[in-house]
Structures are given as C-alpha cells and as structure tokens.
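Here the structure comes first, spelled out in structure tokens, and everything after it is commentary.
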Number of protein chains: 2
Amino acid sequence: MSNAQDMLFRTLADPTRRALFERLCREGEKTVGALTARAGVSQPVVSKHLGILKQAGLVRDRHEGRQTHYSARLGALAPLVDWTSEMAGFWQSRFDALEDLLKRMDQ
Amino acid sequence: MSNAQDMLFRTLADPTRRALFERLCREGEKTVGALTARAGVSQPVVSKHLGILKQAGLVRDRHEGRQTHYSARLGALAPLVDWTSEMAGFWQSRFDALEDLLKRMDQ
DNA sequence: TTAACTCATAGCTATCGGGGTATGGATCAT
DNA sequence: ATGATCCATACCCCGATAGCTATGAGTTAA
C-alpha cells in the first residue's frame, strides 16, 4: 500500500543517501569506489544506500568489468513534483473558493 | 548542519505525518480532534506529529478556547521545490555540455 | 465548584534502520 | 595460477523514533 511518494520521501530522507544522489546529479556517472572516497562512510554502507536508491528508481547501474557505475535517473523525481503540485493545487482551489465566496458576499 | 531540505524530507517521510499534512491541504483547517478521528492512531500521537510538522514550518496552529486548529503552510514546501529544480538543473547542464561537445565534435 | 472535554506532555516499549566488520564472488594484473 | 582489486551480501549493534497509556493543564458547561 505504499505509493511512489512514500518510497521517494523515505529514500531521500537520509542525508547520506541524498548526498550520494546529489553528487550523481552534479557530477554525473560515478563508480562505487569514487563515491565511497568522499562519502564519509564505509564502502558496504555506500553499496547499501545505492541499492536503496536503485530500488526507488532514483539511480541506475552499469557494470563494467569489476566496477559498477551509478548515475542519477532524474525522471524518478516526477512523483515528488506531482505530489507537491497536487498539494499546492488543493490549497489554491480552497483559496479560490474563499475568494469566490468573498466576492459573492460583496455583491 | 541540517538544511531545510533535510528537515522537510525527514518530516514528510513518515506516512502518518504526510497523511495529516495532505488532509490539511485538501480540507483546510482542522482541530486535533477532527484529525484524530480519521488518523488511525491515538490522539497523543497525532499531537506529536502535528508538533513535528509545526517545527518544520509545514503547519500553523491557532488556539480557540480548548481546541487547537491546525492548517497547512504551503510556502514551507518551497525548499523542496528548489532542491528538485536544482537537481534537474545540474542534470540539464551536464546534458547541455554533452550536447555542446557532440556539436563541436561534429564540426 | 465540580465535572466534562480538548489537547499536550511524560514515560515506556518495540521496531526500524543506518552504521560497522567480515567475507565471498567476480574480474584484472602479474 | 596467484594475488590484488572492486563491489555486494551477511550479520550484528545501537540510536532514533513511532506507537501506546497515563496524566496534567487549560477551558467550557452544569
């Protein structure tokens, strides 16, 4: 029963994970080793986080010899944008309704 | 060292909390009692979540007699939108750079 | 004043999850 | 073939937190 937003919010809630995703967005494709070098946590931890990011659809992996290259999949952020827009939409429609009411009261 | 995005993602990561915020966006101002009625958790839990939402700036409260009315503060979502745009921007600029490179190689 | 009601806080428990080390599988270099 | 490198998995540990009940503070009704 967990929708797309749930997965995204939970995945991006962790600072280490979000930092990894940000680096992939900023700097493009990176190997696990390169990511580990500046992640501040051990390699297994980086691998686990990358696995979670992949499961959320936020990254993709490409195997080349003994190293794995990860890159950001920006399209996965769409549900987050949609959710935000939806919330804004509800708020706006209620605002419009209020505006409308005030207008009618003014007549 | 926790920026605005961190607070927002962590706060919205919990399904119960996000559901409360969504209801406030959809249906407007609600009392704690009204929220508790359909929250699926106990009243103290609802109060605690509302407190966290308030601390994140996502809701505001208004005291009226013995009841407290909560409402959504949509502006608080701005850092989230900014972050998303920033990530998209990085991705786009790298894409543009690649496009540019290919263009120059083509000459 | 007393009783009922609304919400917030305190205290507790159990679970979840992020961190680590150890290790194995796979690939490359010697 | 052997050793070194890169990554993923398994396992454990511990802190964070979401849930509960009990209770108190504040407010309205009787």
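Fair warning: this is a prediction, and the values are worked out from it, not measured in the lab.
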Taken to the nearest whole Å, CD/B:Glu64 to P/C:dC7 is 11 Å
When clusters are formed by joining ILVMFWY residues with side-chain heavy atoms under 4.5 Å apart, either directly or through shared neighbours, do B:Val46 and B:Ile52 land in the same one?
no
Any Lys/Arg nitrogen of B:Asp6 or B:Arg10 sitting under 4.0 Å from an Asp/Glu carboxylate oxygen of the other?
yes
What integer distance in Å separates B:His63:NE2 from D:dG26:P?
12 Å
So A:Trp83 and A:Phe9, would you call those rings parallel, tilted or perpendicular, with 30° and 60° as cut-offs?
perpendicular
Is A:Arg26 salt-bridged to B:Glu86, cutoff N-O under 4.0 Å?
yes
Separation of D:dA18 atom C1' from B:Arg18 atom CZ, nearest Å, is 15 Å
For B:Arg62 and C:dC7, give me the distance from atom CZ to atom P, rounded to whole Å.
12 Å
Rounded to whole Å, how long is the line connecting atom NZ of A:Lys54 with atom C1' of D:dT9?
14 Å
B:His69 NE2 to D:dT27 P, in whole Å, measures 14 Å
In whole angstrom, what separates B:Arg66's CZ from D:dA25's C1'?
13 Å
Calculate, to the nearest 0.5 Å, the distance between atoms CG and CE belonging to A:Leu24 and B:Met87 respectively.
10.5 Å
Distance test, side-chain N/O of B:Tyr70 to OP1/OP2 of C:dT6, below 4.0 Å
no
Just the rounded figure in Å: distance from P of D:dT17 to CZ of A:Phe9.
18 Å
Tell me, please, which residues at least two apart from A:Glu27 pass salt bridge (charged side-chain N to carboxylate O under 4.0 Å, His left out).
A:Arg23, A:Lys30
Quick tally for nucleotides 9-21 of chain C: nucleotides whose base has a protein heavy atom under 4.0 Å get B, sugar-phosphate-only ones S, the rest -, giving B--------SBBB
